[in-house]
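Heads up: the structure comes next, in structure tokens.
We name chains A, B, ... by the order of the sequence lines, and we start the count at 1 in each one. Below, each value reflects all heavy atoms present in this structure, side chains not excepted, and no hydrogens, waters or symmetry copies.
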Amino acid sequence: MLRMSTLFLRTLRDDPADAEVPSHRLLVRAGYIRRIAAGVYSWLPLGVITLRNIENIVRDEMDKAGFQEVHFPALLPKDAYEVTGRWNDYGPDLFRLQDRKGADYLLGPTHEEMFTLMVKGEYSSYKDLPLALYQIQTKYRDEARPRSGIIRGREFVMKDSYSFDLTDEGLVESYMRHRAAYIKTFDRLRMKYNIVSAVSGAMGGSASEEFLAPCETGEDTYVLCEKCGYAANVEAMTTVVAASDASGVAALEVFDSPNTPTIDTLVGLLNAKFGGGYDGSMTLKNVMLMADKTPISVLVPGDREVDLKRLQANLAGVNDISVFEEADFAKFPGLLKGYIGPQDAKKNGITVYADPRIAPGTSWVTGANAKDKHARNVVSGRDFTVDQYVEAAQIKQGDACPKCETPVIIDRAIEIGHIFQLGRKYADALGLTVLDQNGKSQVVTMGSYGIGVSRAVAAIAEQSYDEIGLSWPVEVAPAKVHVVATGKEDVVFETAEKISADLEARGISVMIDDRRGTSPGVKFKDAELIGIPVIVVVGKALEQGNVEIRVRKSGDKSEVAVASAVDFIAGLLPTLS
RNA sequence: CGGGGCGUAGCGUAGUGGCUAGCGCGCCUGCUUUGGGAGCAGGAGAUCGGGAGUUCGAAUCUCCCCGCCCCGACCA
């Protein structure tokens, strides 16, 4: 039983000046966490209990799914990370340090290497697979910009698991098992979330999905179709394009277009010159980029920007993309800034990438590769060739869902889980092989799965707070019932103690506000701020032999006889989900 | 890393060259109060982020450094 008379807790009346997002503000005000450095937080008793509750739900669901818990140190020697190249690849985000002998160590940002080596050390037969291991552990990443309190810290608690299979089909099964376990976990945490397709990024591998908890302060943007439920990370969204037929389009026509360096000015001229009807989406924008020092051209409709994140995610094998600078243009005299068209790309030796909207047979207005000249009736496949199609254009609210063509919405969310099929990258690098049925050595294929446990504290808070404070789901809250004793008569406190003890005897965790001499207003405000789901007020109503039972989230109040209070609460709790 | 803002007691803040750095919350003591962050009285608590400089005099002006927050870049 938590006793407020002795609990190590001081709530704050004012919002801390350095906290902006609601979860951060309220977790600090209500005495769950305190900041130590940028992105580094201490946990006070209420915070520790809440974090443990979430951790235990995660652990329970992992165990039920048949995954086995192990534990690695956060402090790791660099060896394994050198073999996979991540000692360097991870860059400045890696916390590196040296021991007294000068040997290099790191604080683990994620543990693929260690899991792979652990399995390699113990297993060597296909008969031992499939296998799935997990840990709940503190991770360290020296983020360039920690933010939003506990949502993006430099030290955080993560559950990470890894599956090991002989075959690709086995990996898919392991992946689906994890997916199912995650669904159960997040449902139990009472989180609202969407499972969205993701691009697997720098880690390599194929299929990948993110669990995103929608909320205004989230830092991830994703696309959602409210009709069919399609959800995708912006990087993974695909474009649907109707077939085009250009057989009726007139021949390419070059026209004078002085002073039209931008799409807007070009559209203005088109409408003046050719009697209206033109808009930005009918023009073709040629964006010149450097992809790992190779010049490329990316074609997108004029009313859209190139989304560099999308482009990079969808261009396999390219590490760095940057926009053309003056010095780059200088190297290609054939490229006239503002008047570039794809018609002469071959001549200039430039590879042409295009958004799927630039499908064969579509007709465009674009630059004529001559000063103050544009061209119309420029047909894809007829007047220029696209070397490769790539998802490159920015996504807009209202774009067509790739499944059902309903306009999609764009929403923000916090990433709370990520699952993906890693493949053989790490097993290959570290030599994790087993003998198959034929006695032949086979590289194991892996999956990698993460849940941000400390981040979940913030994500749940973000989804359930209101103007007066936090409001936790029953299973997550630091206690299920908050018993508040108001008044100065001993009988009030005795009754509160009795109810609390009876609840605990029924397995219902309680926080009791047994502070003497604290005014009722203070106790009510604290209870509302702390956010325990059921508040029992022992006070005024006691004259009629009653207590007042309040539901934090809905504000519902009922008066119940002291004798039946415990039964009432026991019946109430399961309905609060 | 680029842009912006900020740093005064545990928290929130006032103080733009001049006396002992002010106020609210919180904390301590006493009395009163007890259903919505109580009242009165008394009290403790501050190297004004750090260093150097200008000045008779610096929280206040100058320079350097450190830290924090926000936007962006970045982020298995």
Side-chain angles (χ1 to χ4, degrees), chain A residues 9-21 24-25 28-31 34-40 81 84-86 89-94 108-113 115 139-149 151-154 156 158 160-162 198-205 208 210 217 219-220 235 308-309 312-313 319-323 415 417-420 422 425-426 446-452 455 468-469 484-489 492-493 513 515-529 535 537-543 547-548 550 557:
Chain A
L9 170 73
R10 195 102 306 161
T11 57
L12 305 177
R13 201 173 288 209
D14 301 305
D15 283 335
D18 62 359
E20 202 137 301
V21 301
H24 186 199
R25 237 178 52 224
V28 171
R29 263 192 71 198
R34 293 287 182 258
R35 194 182 61 75
I36 293 296
V40 182
Y81 288 78
T84 56
R86 288 211 287 185
D89 294 350
Y90 223 96
D93 281 12
L94 193 63
T110 171
H111 283 72
E112 279 80 4
E113 284 83 352
F115 274 87
K139 307 284 188 199
Y140 296 87
R141 291 180 199 175
D142 193 1
E143 297 278 355
R145 182 149 104 77
R147 75 186 88 176
S148 308
I151 294 177
R152 185 175 202 78
R154 294 192 295 172
F156 56 97
M158 177 168 165
D160 53 327
S161 30
Y162 303 88
V199 175
S200 15
M203 297 268 320
S208 167
E210 289 171 357
T217 49
E219 49 181 358
D220 286 31
E235 283 94 312
L308 289 179
K309 265 176 115 170
Q312 172 135 32
N319 293 318
D320 183 58
I321 295 180
S322 57
V323 294
E415 180 184 343
H418 194 171
I419 54 178
F420 64 100
L422 249 191
K425 177 178 171 183
Y426 289 90
M446 295 170 56
S448 161
Y449 317 91
I451 291 179
R455 177 180 279 183
I468 54 176
V484 177
T486 68
K488 54 182 174 181
E489 294 78 22
V492 169
F493 286 85
D513 195 340
R515 291 176 290 180
R516 296 267 184 166
T518 300
S519 74
V522 170
K523 292 184 173 184
F524 294 149
K525 293 283 187 202
D526 275 347
E528 286 148 0
L529 180 60
I535 299 168
V537 181
V538 184
K540 278 267 167 75
L542 201 55
E543 285 167 29
V547 294
E548 186 181 316
R550 304 180 183 175
K557 299 179 185 180

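- Between B/rG49 and B/rC6, the distance separating the two P atoms is 14 Å to the nearest Å.
- Distance check, rounded to the nearest 0.5 Å: OH of A/Tyr90 to OG1 of A/Thr84 gives 11.0 Å.
- Distance alone, capped at 3.5 Å, places no donor-acceptor pair between the A/Arg154 side chain and the A/Tyr140 backbone.
- One can place CG of A/Leu9 at 18 Å from P of B/rG10, the figure rounded to the nearest angstrom.
- Taking atom CG of A/Asp89 as the reference point, atom P of B/rC74 lies 17 Å away to the nearest angstrom.
- Taking atom C1' in both B/rG50 and B/rC66, the straight-line distance is 7 Å, to the nearest Å.
- Across the interface with RNA chain B, nearest-nucleotide mapping of A/Thr11 and A/Pro109 shows A/Thr11 to be the residue nearer the 5′ end.
- Residues satisfying the ring pair (Phe, Tyr, Trp, His ring centres under 6.0 Å) test with A/Tyr449, not counting sequence neighbours, are A/His178.
- A/Arg455 comes within 4.0 angstrom of no nucleic acid atom, judged by non-hydrogen atoms across all strands.
- Taken from CD in A/Glu548 to NZ in A/Lys540, the straight-line distance is 11.0 Å, to the nearest 0.5 Å.
- Within the cation-pi definition used here (under 6.0 Å to the ring centroid, within 45° of the axis), A/Arg516 qualifies as a partner of A/Phe493.
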Base-pair map of RNA chain B as dot-bracket, where | denotes pairing with a different strand and pairs are Watson-Crick or G-U under 3.5 Å: ((((((((.[[[[.)..(...]]]].((((((.....)))))).....[[[[[..)....]]]]])))))))....
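- Here the P atom of nucleotide B/rG10 and the CG atom of A/Leu12 are 13 Å apart, to the nearest Å.
- The interatomic distance linking A/Asp526 (CG) with B/rU34 (C1') rounds to 16 Å, in whole Å.
- Interatomic distance, CD of A/Glu113 versus OH of A/Tyr81, reported as 4.5 Å (0.5 Å rounding).
- Distances shown here put every side-chain N or O of A/Lys525 at or beyond 4.0 Å from the OP1 or OP2 atom of B/rG36.
- We find that CD1 of A/Ile468 is positioned 15 Å from P of B/rG36, with the value rounded to whole Å.
- Rounded to whole Å, the separation between the C1' atoms of B/rU8 and B/rA14 comes to 10 Å.
- Expressed to the nearest 0.5 Å, how far CG of A/Leu542 lies from CD of A/Glu489 amounts to 9.0 Å.
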Between the protein and nucleotides 38-42 of chain B, list the N/O to N/O atom pairs that are separated by less than 3.5 angstrom.
residue, atom, partner, partner atom, Å
B/rA38, OP2, A/Ser519, OG, 3.0

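- The side-chain contact (heavy atoms from CB on, under 4.5 Å) test applied to A/Arg29 returns A/Leu12, A/Asp15, A/Pro16, A/Leu529, not counting sequence neighbours.
- Look at the C1' atom in both B/rC27 and B/rG10: the space between them is 9 Å, to the nearest Å.
- Between the C1' atoms of B/rU16 and B/rU62, the separation comes to 15 Å (whole Å).
- Looking at heavy-atom distances under 4.0 Å, A/Ala541 makes contact with a base.
- Not a single donor-acceptor pair under 3.5 Å links the side chain of A/Arg550 to the backbone N or O of A/Val537.
- In this model, a donor atom of one side chain and an acceptor atom of the other lie less than 3.5 Å apart for A/Ser208 and A/His418.
- The distance between atom CG of A/Leu529 and atom P of B/rG36, rounded to the nearest whole Å, is 19 Å.
- Note on A/Asp160: nothing from the nucleic acid sits closer than 4.0 angstrom, heavy atoms only.
- Taking atom CZ on A/Arg29 and atom P on B/rC25, their separation rounds to 16 Å, with Å as the unit.
- Contact annotation for A/Glu219: no contact, since no heavy-atom pair falls under 4.0 Å across all strands.
- The side chain of A/Asp14 lies closest to B/rG24 when the candidates are B/rC27, B/rG24, B/rG35.
- Using the six-membered ring where Trp is involved, A/His111 and A/Phe115 have ring planes that are perpendicular, over 60° apart on the 30 and 60° scheme.
- A donor-acceptor contact shorter than 3.5 Å links the side chain of A/Lys523 to the backbone of A/Ala485.
- Using a 4.0 Å heavy-atom cutoff across all strands shown, A/Glu415 reaches no nucleic acid atom at all.
- As a whole-Å value, the separation of A/Ile535 CD1 from B/rG36 P is 16 Å.
- Salt-bridge annotation for A/Arg86 and A/Glu112: present, with a side-chain N of the basic residue lying under 4.0 Å from a carboxylate O of the acidic one.
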Base versus backbone protein contacts along nucleotides 68-73 of chain B [heavy-atom cut-off under 4.0 Å; B, S, -]: SSBBBB
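- A distance of about 35 Å separates the C1' atoms of B/rC11 and B/rU55, rounded to the whole Å.
- Going from the P atom of B/rC19 to that of B/rC25 covers 26 Å, rounded to whole Å.
- Atom P of B/rC28 sits at a distance of 38 Å from the matching atom of B/rC61, rounded to the whole Å.
- Where A/Glu489 and A/Lys523 meet RNA chain B, the nucleotide closest to each residue was compared, and A/Glu489 sits on the side nearer the 5' end.
- Residues satisfying the salt bridge (Lys or Arg N to Asp or Glu O under 4.0 Å) test with A/Lys525, not counting sequence neighbours, are none.
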